[in-house]
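In what follows, a structure is listed as structure tokens, so that the remarks can point back to it.
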There are 2 protein chains.
Amino acid sequence: MKKINKQIEVVFRLWFYSNKDKFLGKGRVELLQRIDDTGSLAKAAEGMKMSYRQAWQMLKEINERAPVPIVEKHLGGKNGGGTIITKEGKKAIKTFVDFELKVAEFIKKEIARLKF
Amino acid sequence: MKKINKQIEVVFRLWFYSNKDKFLGKGRVELLQRIDDTGSLAKAAEGMKMSYRQAWQMLKEINERAPVPIVEKHLGGKNGGGTIITKEGKKAIKTFVDFELKVAEFIKKEIARLKF
DNA sequence: TCTTTATATGCTTTTATAAACATATCGAAT
DNA sequence: ATTCGATATGTTTATAAAAGCATATAAAGA
């Protein structure tokens with residue numbers, strides 16, 4: 001009988017929920033990170049080859065569900081406006097990324113421990 | 001500023017992959033457990049209000065992708081046939097369930113440790 | 001050989017999700 | 001007032017995933 005552990009890979013996903021609603025996951029965090037980098041939802045969407053519409057809806061959900069304000073939007077003005085990540089938003093992103101990393105490390109260790 | 005950790009919940013899913021293909025996840029494991037309980041794919045499907053077609057396709061994928069034989073099928077015969085979980089199948093199920101539990105415990109501890 | 005019951009699949013129809021297209025709006029700066 | 005670039009949404013179209021329906025097949029036992 002072949003040993004399984006040598007050929008098994010474990011993949012995981014995790015989400016932050018607030019009030020029974022999912023408000024952060026890997027995809028959303030990437031969007032937020034790109035917004036943080038570019039200062040623009042449109043540019044962030046383009047960067048991850050996602051339609052602006054979709055990205056806008058995603059961000060809308062994040063805002064509706066997050067327990068704290070994640071972004072600050074600006075309409076019109078010199079450069080047409082823009083979107084910036086709030087301080088709380090940055091904290092939430094970091095918390096998620098760190099959490100994800102810890103879980104990944106734990107899983108890696110556990111895989112090594114698997115014996116059949 | 002409100003503290004986030006008191007209101008955040010973390011949800012996760014994990015999958016076992018073999019050869020870049022997902023072959024076990026929560027839903028599939030439940031199907032297998034029900035097959036193990038009933039000895040029948042049809043009964044298992046019914047039990048989790050899933051169409052037989054769907055369950056059969058799910059099981060087909062599991063079999064195609066798992067590194068070891070998970071079930072043994074029997075066509076025809078006295079009671080029309082049936083499906084039983086192999087010894088390796090049972091081991092895979094247990095491994096998955098145990099793994100999932102450990103990750104859940106780890107996550108629970110990490111949540112408690114979150115501070116903002 | 002006919003019955004029984006679970007597995008094995010083809011085919012069609014819904015439903016859900018995502019993509020695509022089209023505009024409207026906002027407000028600083030010119 | 002007009003321009004400009006980004007946000008804000010309604011509407012429609014295309015794709016994909018799930019459901020539903022129908023039927024064939026296997027093989028032990030009566």
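Since we're looking at a predicted model, the values are computed, not measured. Residue numbers start from 1 in every chain, and the chains themselves are labelled A, B, ... in the order their sequence lines are given, proteins ahead of strands.
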Quick test: give all pairs of protein nitrogen or oxygen and nucleotides 25-30 of chain D nitrogen or oxygen below 3.5 Å, distance rounded to 0.1 Å.
from	atom 1	to	atom 2	distance (Å)
D:dA26	N3	B:G76	N	3.3
D:dA27	O4'	B:G77	N	3.1
D:dA27	N3	B:G77	N	2.9
D:dA28	O4'	B:K78	N	3.2

Run the salt bridge (Lys or Arg N to Asp or Glu O under 4.0 Å) check on A:K22 and A:E61 step by step: do they pass? CA-CA 9 Å; A:K22 182 186 305 180; A:E61 268 203 13; over 6 Å; no
message = At less than 4.0 Å, is any side-chain N or O atom of A:S51 found next to OP1 or OP2 of C:dA18? Yes or no.
response = no
The nucleotide from D:dT9, C:dA8, C:dA19 with an atom nearest the side chain of A:Y52 is D:dT9
Handout entry: B:W56 side chain near C:dT7 phosphate (N/O to OP1/OP2, under 4.0 Å)
Key = no
Ring pair (Phe, Tyr, Trp, His ring centres under 6.0 Å) pairs touching residues 67-98 of chain A, sequence neighbours excluded, are A:F16-A:F96
Hey, does the side chain of B:S40 come within less than 4.0 Å of C:dT5's phosphate (OP1/OP2), counting only N and O? no
TODO: Could you tell me whether the side chain of A:L31 reaches within less than 4.5 Å of the side chain of A:L41, counting heavy atoms only?
DONE: yes
In whole angstroms, the gap separating P of D:dT7 from CD1 of A:I84 amounts to 12 Å
From CG of A:N79 across to C1' of D:dT3 the rounded distance in Å is 13 Å
Taken to the nearest 0.5 Å, the spacing of A:N19 CG from A:R65 CZ works out to 10.5 Å
Between CD of B:E72 and P of C:dA8 the distance, given in whole Å, is 12 Å
Checklist entry - Within the structure shown, what part of the strands sits under 4.0 Å from A:K60 by heavy-atom distance: base, sugar-phosphate, or nothing? => result nothing
Considering only heavy side-chain atoms of B:R53, the closest of C:dT9, C:dA8, D:dA18 is C:dT9
Do the side chains of A:R13 and B:W15 get nearer than 4.5 Å, heavy atoms only? yes
Here DNA chain D, pairs taken as Watson-Crick or G-U under 3.5 Å and shown with ( ), [ ] when crossing and | when to another strand, reads ||||||||||||||||||||||||||||||
Taken to the nearest whole Å, CE/A:M50 to P/C:dA19 is 8 Å
Rounded to whole Å, the CG-P distance (A:N63 to D:dT9) equals 12 Å
Taking only the side-chain nitrogens and oxygens of A:K73, find out if one of them lies under 4.0 Å from OP1 or OP2 of D:dA6.
no
C:dT7 OP1/OP2 closer than 4.0 Å to side-chain N/O of B:T83:
yes
Value for CG (A:L24) from OG1 (A:T95), rounded to nearest 0.5 Å, stands at 9.5 Å
- For A:Q54 and C:dA19, is the shortest distance between a side-chain N/O and OP1 or OP2 below 4.0 Å? yes
B:L59 CG to C:dA6 P, in whole Å, measures 16 Å
Exercise for review: Please assess B:K109 against B:E105 for the test salt bridge (Lys or Arg N to Asp or Glu O under 4.0 Å), listing each intermediate value before the final yes or no.
Suggested key: CA-CA 6 Å; B:K109 269 193 299 181; B:E105 281 166 0; over 6 Å; no
Atom CG of B:L41 and atom P of C:dA6 are separated, to the nearest Å, by 11 Å
Rounded to whole Å, the CD-C1' distance (B:E46 to C:dA6) equals 12 Å
Contacts of B:Q57 and B:K43 projected onto DNA chain C by closest heavy atom; the upstream (5') one is B:K43
**Asked** Ion pair present between A:K20 and B:E9, side-chain N to carboxylate O less than 4.0 angstrom?
**Response** yes
* **Evaluation steps, salt bridge (Lys or Arg N to Asp or Glu O under 4.0 Å), between B:E30 and B:R34** => CA-CA 6 Å; B:E30 182 182 348; B:R34 284 175 184 273; 3.0 Å; yes
- Query: Taking it one step at a time, do B:I62 and B:V71 satisfy side-chain contact (heavy atoms from CB on, under 4.5 Å)?
  - Reply: CA-CA 9 Å; B:I62 296 173; B:V71 298; over 6 Å; no
